[in-house]
Amino acid sequence: ARTANEKMGQFDLAFDLDSPGLDAGGVGKLDAAVGRGRFARVMLHVRQAARRLVPLSRDIRCVCSVYGRACGSFFIFQRFLLMLSLLTLLLHLPLFISYIFVEGEGDSRLDAYGTEADASTLCPTPLMAVPCAWFYGGFYRRVSGARDPWLALLYLMAVLVSAGALLFLALYRWMYWDGHRQAEILEEELRPQAWSKLVLQAWDFRLSSVEDRQNWAQSFANRLRSLRDEEDQANARKQQTTCQKYALLSRRCLGMFLNVVLIACTWAAVLLSTVKRDQISKQLGTWLSAAGAGAVGNQIGDLAPNLVVSTVGGVLPTLTKILTDMEKWPPAVHARHNLWRLYLGKILNVVVVIGLNVELIAGKPLYGQEEMLVEHDVRYKCVEDQAGAALFSLVCTEFLLSLALKPITGIISGRAWHRLMGKGDFKMPEFEVPDNAVDLIYFQCLLWSTSLLVPPLVFATPVLLFLQFKWLKYSLGHLTSRPFVAETCALSVTLLQLLGCSCLLFSVLAYCLAVVPLPHTS
């Protein structure tokens, strides 16, 4: 009996309790190796200690134990973005060390802003004044009348190596999770057990409150109904007539067309607010000057493109879901359509802003028009700094309006709708895992793009992502209701596909920065 207990103790020590997809390094693997000898037991403890040292592991284990591994996989994905930001910061350290501590003969780091400009010289942005040394012009150091080639090389290498590393890691992780997804699909095909897998998990012992049990009951009923609808739709598709097939195809084509029109309208709104920024600022200043708030009007006018982008980001998810519901896709396809369309709607708005700033930097019309859409602001000595200031202000407003205030605005709008309808008890809005994940990917892409012209932003990126991680965890427990997401690898695979697209966009921008000469010298 003593020998058996010792063996079981060794087995308990060696057994890996991590669920599939909940921890990096052992994702999807069940380590059931029995410890043999002291060396194996020591290595086992080393591996367990290494996993405990991974940042935010305790928070993720807490989320997984209370809300399930599907919700936990979202926070693991967010931690992966945080680790990518730390890697980017590490790759930029040689640039900042040379920039701060290495002084060349005849150094004039801020020569574009006058001989008396230094690190404390401030440059205006649409949101607030920041040091000019943060922007591209601050890194344009001259030595003996010529540009410092060593600092220029470090700047270029930091950008290119970061873009290449991010793209490689995103694609590698995508391939890894896609392998798990294919294994899940193969197992479902070989051993179809959809009903039994769902019914045998009808009770979740992690539910503590009455509200959680009610939400779980409703979610379980919806999942049973969804599974029944999937089978009914599959049988109906087999019995569809040619006329019914064409009617469904027409409905989906109409939905896709309306979705394209919606994205085009958001493009037009962002484009007009950016091109007409000065006119909007002057008009608002005139209207508010009578009330003694003309400066506020000018400030709002300067932030008009940012406010339009944030407004579009808030309205786009609801309209996208309405269109995909109208198209009557199967549940699994419906979720992927929601993710991709929401991502395209958000990321293309940023592409419009970046495209306008690229034209500003190029100094000539690039899109077939006769004149440039955005003019050079005389407050900036070089157009690179003007573009960097515009993107930096967009980062600040998006973090505040689209990420930080999203749970609060959800509660306010939910309570307003409940008061208007006046039916039943008020329920907290559900924690939307796909929507929050798309917001994070979009914001991460915006941070990477801005760091090309504002390199010190790589120091703030890990801090922002860490704060957002903690804020989302708090919102999950106190400001939203329990999310119920299918516990498969499909969501993780789709999110990594979207992240790969963002990394590819960042790599294209880094390549353009490397091969296209910038007009700073003129």
Side-chain angles (χ1 to χ4, degrees), residues 81-104 107-113 117-142 147-148 150-163 165-166 306 350 353-354 357 361 379-400 403-404 443-468 502 506 509-510 512-514 518 520:
L81 294 180
L82 176 61
M83 300 300 290
L84 290 181
S85 66
L86 292 174
L87 175 62
T88 305
L89 173 59
L90 181 64
L91 294 175
H92 278 74
L93 282 181
L95 170 65
F96 293 114
I97 292 174
S98 176
Y99 176 73
I100 296 174
F101 297 105
V102 179
E103 296 287 343
D107 172 70
S108 55
R109 183 169 294 146
L110 298 175
D111 62 297
Y113 294 92
D118 55 16
S120 62
T121 303
L122 298 179
C123 284
T125 70
L127 189 63
M128 59 183 177
V130 298
C132 297
W134 289 8
F135 297 120
Y136 174 85
F139 286 80
Y140 200 96
R141 186 171 64 191
R142 292 181 179 274
R147 187 176 184 182
D148 185 0
W150 177 246
L151 186 63
L153 179 63
L154 288 176
Y155 194 107
L156 184 63
M157 292 302 297
V159 169
L160 294 180
V161 174
S162 298
L166 294 174
N306 303 0
V350 177
V353 176
I354 294 176
N357 285 288
I361 294 175
R379 296 178 297 174
Y380 302 94
K381 300 301 181 180
C382 61
V383 292
E384 298 93 340
D385 290 0
Q386 180 181 345
L391 293 175
F392 177 78
S393 66
L394 182 60
V395 167
C396 296
T397 54
E398 283 296 283
F399 179 77
L400 180 63
L403 295 182
F443 184 67
Q444 181 69 83
C445 182
L446 179 61
L447 287 170
W448 287 337
S449 303
T450 307
S451 66
L452 294 176
L453 298 176
V454 192
L457 189 61
V458 298
F459 286 98
T461 300
V463 178
L464 294 177
L465 293 180
F466 178 81
L467 293 176
Q468 182 63 13
S502 298
F506 176 59
L509 292 176
C512 294
L513 180 68
L518 300 181
H520 182 82

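Because the structure is a prediction, the values reported are computed rather than measured. The first residue of the sequence shown is numbered 1, and numbering continues consecutively from there.
The OG1 atom of Thr88 sits 7.0 Å away from the CZ atom of Phe506 when rounded to the nearest 0.5 Å. Distance check: Leu91 CG to Leu166 CG gives 8.0 Å after rounding to the nearest 0.5 Å. The structure places CG of Leu464 at 12.5 Å from CD of Glu398, a figure rounded to the nearest 0.5 Å. To the nearest 0.5 Å, the span separating CD on Gln386 from CG on Leu391 amounts to 11.0 Å. Distance check: Phe392 CZ to Asp385 CG gives 13.0 Å after rounding to the nearest 0.5 Å. Atom CG of residue Leu89 and atom CZ of residue Phe96 lie 7.5 Å apart, to the nearest 0.5 angstrom.
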- prompt: How far apart are the C-alpha atoms of Leu509 and Ile354, what are their side-chain angles, what is the distance that settles it, and do they pass the side-chain contact (heavy atoms from CB on, under 4.5 Å) test?
  reply: CA-CA 9 Å; Leu509 292 176; Ile354 294 176; 4.0 Å; yes
task: Determine, step by step, whether Leu452 and Tyr136 satisfy the side-chain contact (heavy atoms from CB on, under 4.5 Å) criterion, reporting the C-alpha distance in whole Å, the side-chain angles of both residues, the deciding distance to 0.1 Å, and the verdict.
output: CA-CA 8 Å; Leu452 294 176; Tyr136 174 85; over 6 Å; no
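A side-chain donor-acceptor contact under 3.5 Å links Ser451 to the backbone of Trp448. In terms of modelled atom types and a separation under 3.5 Å, the side chain of Ser162 and the main chain of Ala158 share a donor-acceptor contact. Between the side chain of Ser393 and the main chain of Ala390, a donor-acceptor pair closer than 3.5 Å is present. Between the Thr397 side chain and the Leu394 main chain, a donor and an acceptor come within less than 3.5 Å of each other.
Counting non-hydrogen atoms of other residues, nucleotides and ligands closer than 6.0 Å to CZ of Phe399 gives a total above 12.
Using a 4.5 Å heavy-atom threshold, the side chains of Ser85 and Val458 count as separate. Between Leu151 and Leu95, some side-chain heavy-atom pair lies under the 4.5 Å cut-off. Counting only heavy atoms from C-beta outward, the side chains of Gln444 and Thr461 approach each other to under 4.5 Å. Within the 4.5 Å cutoff, the side chain of Phe135 has no heavy atoms near those of the Leu453 side chain.
Among all heavy-atom pairs drawn from Ser98 and Trp150, the shortest one is OG-CD1, 3.7 Å. Contact between Ala514 and Leu160 at its shortest, heavy atoms only, is CB-CD2, 4.0 Å.
Taking the six-membered ring wherever Trp is involved, the centroid distance between the rings of Tyr99 and Tyr155 does not fall below 6.0 Å.
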